[in-house]
Visitor: 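First the structure, which I've put down as structure tokens, then a few questions once you've had a look.
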Amino acid sequence: MSDFLQTPEREIAQLEQLARRVLERARSGGAEQAEVSLSSSLAREAAVRLGEVDVLEEARDRGIRVTVFRNQCSASASTGDLRLDTVDECVDRALAIARHTQPDPAAGLADPELMADQPVELDLWHPVDLGMSDLLARARTIEQAGRDADERISNSEGASVSTEAAVSVYANSHGFFGSSRGTSYSQSCVLIAADEAGMQRDYDWDTQRRFDDLADPVTTGAGAASRTVRRLGARRVPTGKVPVLFAPEVARGLIGHLVGAVSGSSLYRRASYLLDAVGQQVLPSWVSLIERPRLLVGASSGWFDADGVATRESALVADGELLRYVLSNYSARRLGLQTTANAGGVRNLCLVGASHAFEQLLAEMGTGLIVTEVMGQGVNLVTGDYSRGAAGFWVENGEIVFPAEEITIAGHLRDMLAGVVAAGTDVDTRRNIQTGSLLIERMTVAGQQD
Amino acid sequence: MMFELARGQLLQPAGLDDSDLDRILGRLCGPGVDLGEAYFQRRVRESWMLEDGSVRGGSWDVDQGVGLRAVAGTGTGFAYADSLDLPALMAAASSARAITRSGQSGQVRAGQAVQARHRYAADDPTASGQAGDRVELLRTIDAYTRSLDSRVSQVTVNLSASFETIVVAASDGVLAGDVRPLVRLDIRVLMEQGKRREQGFAGGGGRFPLEELMQAETWQDMAREAVRQGGVNLTAEDAPAGHMTVVLGPGWPGVLLHEAIGHGLEGDFNRKGISAFSNRIGEQVASAGCTIVDDGTLERRRGSLSIDDEGTPASCTTLIENGRLVGYMQDKLNARLMGVEPTGNGRRESFAHLPMPRMTNTYMLPGEHDPGEIIASVEDGIYAVNFNGGQVDITSGKFVFAASEAYRIKNGKIGAAIKGATLIGNGPDVLTRVGMVGNDLRLDSGVGVCGKEGQSVPVGVGQPTLRIDGLTVGGTA
């Protein structure tokens, strides 16, 4: 087993030593405050395509970013090259740039009393020493299972299996030193199916902190196959206003837009359709969004945020009402508020209140559209206008009738989120926003010529 | 000689000479290896950000490293190192050669410096020494932009400059270097009127000295454009929903070509037979008036390259000629497997990523129609002139791009502004619906970023005014 996996403490100690050097150099160079984040990771990936090796990759990545504050002016510098002279140059460059930037009353570290003072073991480190040949064999099994699952699978973009072990350190001139370490294991498979009408592509994937929690290779391969063949024969749907059911993989994005709209950087720039929305009803009253940053073995767990501030469980939305914004120390100061320990984003934001199995959601929808994929950037958080490309399935009387593609779905985020009429218990816990399917009362779907 | 310059900046300070390159390539070229390659890169980026009337952020970032790959058949072994010392490089080379099979060691051909025309000057636009001027410029831009319209409530200005040096040494004898500047200025405004708030944006740049962006007429044009766009959006009505005639303005709307056609014509997808355009060379995939090229040779453009990231000189590749599909874009690996020549489209985000076929500057050549004549020909439709970018599913061919400035057309006249809406179509047939091609070819201002398999590279797009007889418009009205 490599040193990195066996003794991450040693790697962390090295990063901490560099952090001390950086903070000392920043101080002696005239910075009143400084912070530094460092990361180091070891990753391996094996990809196969049509049974042959496609890519074998070994990646050793390291990085450092330093930010200095001087007379309320700030500047930052980064590098992926951790040799001492490059690191020193970074500090000097940041100090030099801070001589030119202008004073910003909100600049600076979070107050010392907010720093996380108790390290918490979050059980994120589960090293397994997997060689390239182990990964390769698993990738082959996944792809083969996918290709064997259905005779309409005509081609493959391949299957891949990867492992990553990463450690990171954040330190600042208050004397705060925090470190974290985590492993992650991922697998995916992308297949092509064909019929007279043309080709379709889809995929399945999984990612877990513990290797043993990964889906069975055959499940992922077969899942990719069934997701791909079910798209064959896709066509457009009539233009009109209908209920839309967002599958978990895209429902997450909807909640993500809400998070974006109540994030500090959108708010202080007035670039959000949800200004001054604390206390307002943003979701139906049976929905809550709870942030659980310290979930054990969680997808995005951490005991301190990117400012060194202690994280804690807290509701973002309770009974549909927005209780707070999503703030870093900086954005909080810009708004005259307190940080919510969200520097770096939300961690394990979970939707609570779901009660419907997927089939119940279909029955409740009656006739409408299931969306399994959205395309493009048509989300405007300033106005709340939403218009994106979509693919999925057309449903009549609670039954899937045919796959749909080359259509758009449009609406306003405020109406869409308030118009969530039911949520599914099919929760996807693999990412930082964890929700099941969401049924939206009505959106405009555009497709066929009238 | 660009190679000598790049070698002097990158390899000499690390104490690496030709015999070291030979040793690295020798290590990479294990049995069965068709190509061993070392890609050295150093990139420095400096940026400044103005918000709320003052320059609140500045940053300096440097990355340096070497990507080593060994290609055997369709497979690639890949590893990289973030330090340039020989033992680290040899260790990474050993990891990369994990791909090797049994048999004879691969051949390393003696390196020969690649000759290529320079498409841009080798001047370094990052220079903290002039930081004062840059900060002052941002403040001047802010004041000017605010003075243009009292409805402007926020101005954000970003100025960035990067300077990249690369050296490529490969077992096929390629020895090449390039020194690439890239600058960019973005102006974003938030405008408020009553209860409405809307954004406007303008930006530009390319591979030229930062001083050119700092000239008053250049940034004043951008500021006026951002404010004009924001003002238009303040009056925008809900966009229509359904299938209709769409006229696309010249320049940046060429993002249509990038998504609908470009990605589907990249060599890797076609070699694998997973593109909606696979095995369609020679077929009519567009109206007769459509000729589309990918041209990395344009002087000083954002998407241009003197050589690509595999050391192949950039070229102008015709993709579609008078509506007929004639060519794909290739890197070395896919060109070899398809039995064609590389086209100078082998690009990578950095040393830590593998190269693959990517676009450079993709555009359609002009036709004969006056843009006014094109608008006048439309009874009922929309006219879209600015976009937020797009996305494509290369296998099904479905693509989207999201309009950020558009208008209704009624009875041949441009009418009310409409809100941003996503347009969706099918790549292999959208260009067969091109009814008219304008005579007003324009390239974008230099803001394009293309993402593929998690890798971002700078690109350009362009087109004349186009009339498309049937695209789905994703409005709400």
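Every chain is numbered from 1, with letters handed out A, B, ... down the list of sequences.
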Visitor: At a heavy-atom separation under 4.5 Å, does Asn380(A) approach chain B through its side chain, its backbone, both, or neither?
Guide: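 Side chain only.
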Visitor: Counting heavy-atom pairs closer than 4.5 Å to chain A, which one of Asn388(B), Ile274(B), Val135(B), Asp63(B) comes out on top?
Guide: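 The candidate making the most pairs under 4.5 Å is Ile274(B).
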Visitor: Does Gln102(A) reach the main-chain N or O of Val55(B) with its side chain, forming a donor-acceptor pair under 3.5 Å?
Guide: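 At least one qualifying donor-acceptor pair exists.
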Visitor: How long is the gap from CG on Leu138(B) to OG1 on Thr101(A), to the nearest 0.5 Å?
Guide: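 It is 12.0 Å, given to the nearest 0.5 Å.
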Visitor: Can you tell me how far apart CD1 (Ile97(A)) and CH2 (Trp48(B)) are? Round to the nearest 0.5 Å.
Guide: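 Ile97(A) atom CD1 to Trp48(B) atom CH2 measures 5.0 Å (nearest 0.5 Å).
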Visitor: Report the C-alpha separation of Arg236(A) and Thr472(B) in whole Å, then their side-chain angles, then the decisive distance to 0.1 Å, and conclude whether the side chain to side chain donor-acceptor pair (under 3.5 Å) test is met.
Guide: CA-CA 10 Å; Arg236(A) 290 187 286 183; Thr472(B) 298; 3.2 Å; yes
Visitor: Would Arg269(A) and Gln199(B) count as a side chain to side chain contact (heavy atoms under 4.5 Å, CB included) if you check the C-alpha gap in whole Å, the side-chain angles of each, and the deciding distance to 0.1 Å?
Guide: CA-CA 11 Å; Arg269(A) 295 188 175 112; Gln199(B) 282 176 305; over 6 Å; no
Visitor: Go through the structure and list residues passing side-chain contact (heavy atoms from CB on, under 4.5 Å) with Ala384(B), not counting sequence neighbours.
Guide: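 By the side-chain contact (heavy atoms from CB on, under 4.5 Å) rule, Ala384(B) matches Leu248(B), Phe387(B), Ala403(B), Ala406(B).
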Visitor: Sort out for me which of Asp104(A), Val55(A), Thr383(A) touches chain B most, counting heavy-atom pairs under 4.5 Å.
Guide: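 That would be Asp104(A).
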Visitor: So which of Glu192(B), Glu259(B), Arg196(B) has the biggest tally of heavy-atom pairs under 4.5 Å with chain A?
Guide: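 Answer, by heavy-atom pair count under 4.5 Å with chain A: Glu192(B).
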Visitor: If I measure from the heavy atoms of chain B, does Met375(A) come under 4.5 Å with its side chain, its backbone, both, or neither?
Guide: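 Contact with chain B involves both backbone and side-chain atoms of Met375(A).
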Visitor: What residue in Ala402(B), Gly75(B), Ala72(B) has the most heavy-atom pairs under 4.5 Å with chain A?
Guide: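 Option with the greatest count: Gly75(B).
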Visitor: Give the member of Asn426(B), Val71(B), Val473(B), Val62(B) that has the highest number of heavy-atom pairs under 4.5 Å with chain A.
Guide: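 Answer, by heavy-atom pair count under 4.5 Å with chain A: Val62(B).
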Visitor: Sort out for me which of Ala276(B), Ala477(B), Gly475(B), Gly420(B) touches chain A most, counting heavy-atom pairs under 4.5 Å.
Guide: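 Of Ala276(B), Ala477(B), Gly475(B), Gly420(B), Gly475(B) has the most heavy-atom pairs under 4.5 Å with chain A.
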Visitor: Could you name each residue pair satisfying side chain to side chain donor-acceptor pair (under 3.5 Å) that touches residues 71-81 of chain B, not counting sequence neighbours?
Guide: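 Listed by first then second residue: Asp61(A)-Tyr80(B).
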Visitor: Does Arg197(B) reach the main-chain N or O of Arg270(A) with its side chain, forming a donor-acceptor pair under 3.5 Å?
Guide: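 Yes, the answer is positive, given that a donor and an acceptor are paired below the 3.5 Å cut-off.
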Visitor: If you count heavy-atom pairs within less than 4.5 Å of chain B, which of Val445(A), Thr444(A), Leu50(A) leads?
Guide: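 The residue among Val445(A), Thr444(A), Leu50(A) with the greatest pair count is Thr444(A).
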Visitor: Checking Ser133(A) against chain B: side chain, backbone, both or neither under 4.5 Å from a heavy atom?
Guide: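 No part of it gets close to chain B.
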Visitor: Answer with side chain, backbone, both or neither: which region of Ser154(A) has an atom nearer than 4.5 Å to a non-hydrogen atom of chain B?
Guide: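 Neither; nothing under 4.5 Å.
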Visitor: Need one label for Arg69(B): side chain, backbone, both or neither, based on atoms under 4.5 Å from any heavy atom in chain A.
Guide: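 Nothing of Arg69(B), per the 4.5 Å heavy-atom cut-off to chain A.
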Visitor: Considering only heavy atoms, which portion of Ala94(A) lies under 4.5 Å from any heavy atom of chain B: side chain, backbone, both, or neither?
Guide: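 Neither part, no heavy atoms under 4.5 Å.
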Visitor: Check side-chain contact (heavy atoms from CB on, under 4.5 Å) between Arg140(A) and all other residues, then give those that pass, not counting sequence neighbours.
Guide: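 Arg140(A): side-chain contact (heavy atoms from CB on, under 4.5 Å) contacts with Val48(A), Val53(A), Leu136(A).
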Visitor: Give a yes or no on whether a salt bridge exists between Arg93(A) and Glu46(B), defined as a side-chain N under 4.0 angstrom from a carboxylate O.
Guide: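 Here Arg93(A) does not pair with Glu46(B) in a salt bridge, since their nearest N and O are not under 4.0 Å apart.
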Visitor: Strictly distance-based, threshold 3.5 Å: is any side-chain N or O of Ser387(A) a donor or acceptor partner for the main-chain N or O of Gly474(B)?
Guide: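 Looks like yes, one N/O pair under 3.5 Å.
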Visitor: Measuring only between side-chain heavy atoms, which start at C-beta, is Glu45(A) closer than 4.5 Å to Phe78(B)?
Guide: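 No, side chains not in contact.
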Visitor: Sort out for me which of Met49(B), Gln154(B), Arg56(B) touches chain A most, counting heavy-atom pairs under 4.5 Å.
Guide: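 Sorted descending by pairs with chain A, the first entry is Arg56(B).
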Visitor: Which residues, numbered in order, of residues 392-401 of chain B come under 4.5 angstrom of chain A by heavy-atom distance?
Guide: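 Val392(B), Asp393(B), Ile394(B), Thr395(B), Ser396(B), Lys398(B), Phe399(B), Val400(B) fall under the 4.5 Å cut-off.
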Visitor: Are Arg388(A) and Ile424(B) side-chain neighbours, meaning at least one heavy-atom pair lies under 4.5 Å?
Guide: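 Result no, sub-4.5 Å side-chain heavy-atom pair not found.
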Visitor: Given heavy-atom pairs under 4.5 angstrom as the criterion, report whether the side chain, backbone, both or neither of Ser275(B) touches chain A.
Guide: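 When you check distances to chain A, only backbone atoms of Ser275(B) fall under 4.5 Å.
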Visitor: Identify which part of Glu405(A) has an atom lying under 4.5 Å from any heavy atom of chain B, answering side chain, backbone, both or neither.
Guide: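 When you check distances to chain B, only side chain atoms of Glu405(A) fall under 4.5 Å.
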Visitor: Hey, what do you get for NE2 (His243(B)) to OG1 (Thr239(A)), rounding to the nearest 0.5 Å?
Guide: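 The NE2 atom of His243(B) sits 9.5 Å away from the OG1 atom of Thr239(A).
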Visitor: Assess whether side chain to side chain contact (heavy atoms under 4.5 Å, CB included) is satisfied between Asp82(B) and Leu82(A), documenting all intermediate values.
Guide: CA-CA 8 Å; Asp82(B) 53 20; Leu82(A) 295 201; 5.8 Å; no
Visitor: For the side chain of Asn155(A) and the backbone of Lys272(B), is there at least one donor-acceptor N/O pair under 3.5 Å apart?
Guide: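 Yes, the answer is positive, given that a donor and an acceptor are paired below the 3.5 Å cut-off.
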Visitor: For Thr476(B) and Met443(A): C-alpha separation, side-chain torsions, deciding distance, then whether side chain to side chain contact (heavy atoms under 4.5 Å, CB included) applies.
Guide: CA-CA 8 Å; Thr476(B) 54; Met443(A) 291 183 71; over 6 Å; no
Visitor: Could you walk me through whether Asp52(B) and Arg334(A) satisfy the salt bridge (Lys or Arg N to Asp or Glu O under 4.0 Å) test, starting with their C-alpha distance in whole Å, then the side-chain angles of each, then the deciding distance to 0.1 Å, before giving a yes or no?
Guide: CA-CA 11 Å; Asp52(B) 258 12; Arg334(A) 289 286 300 263; 2.7 Å; yes
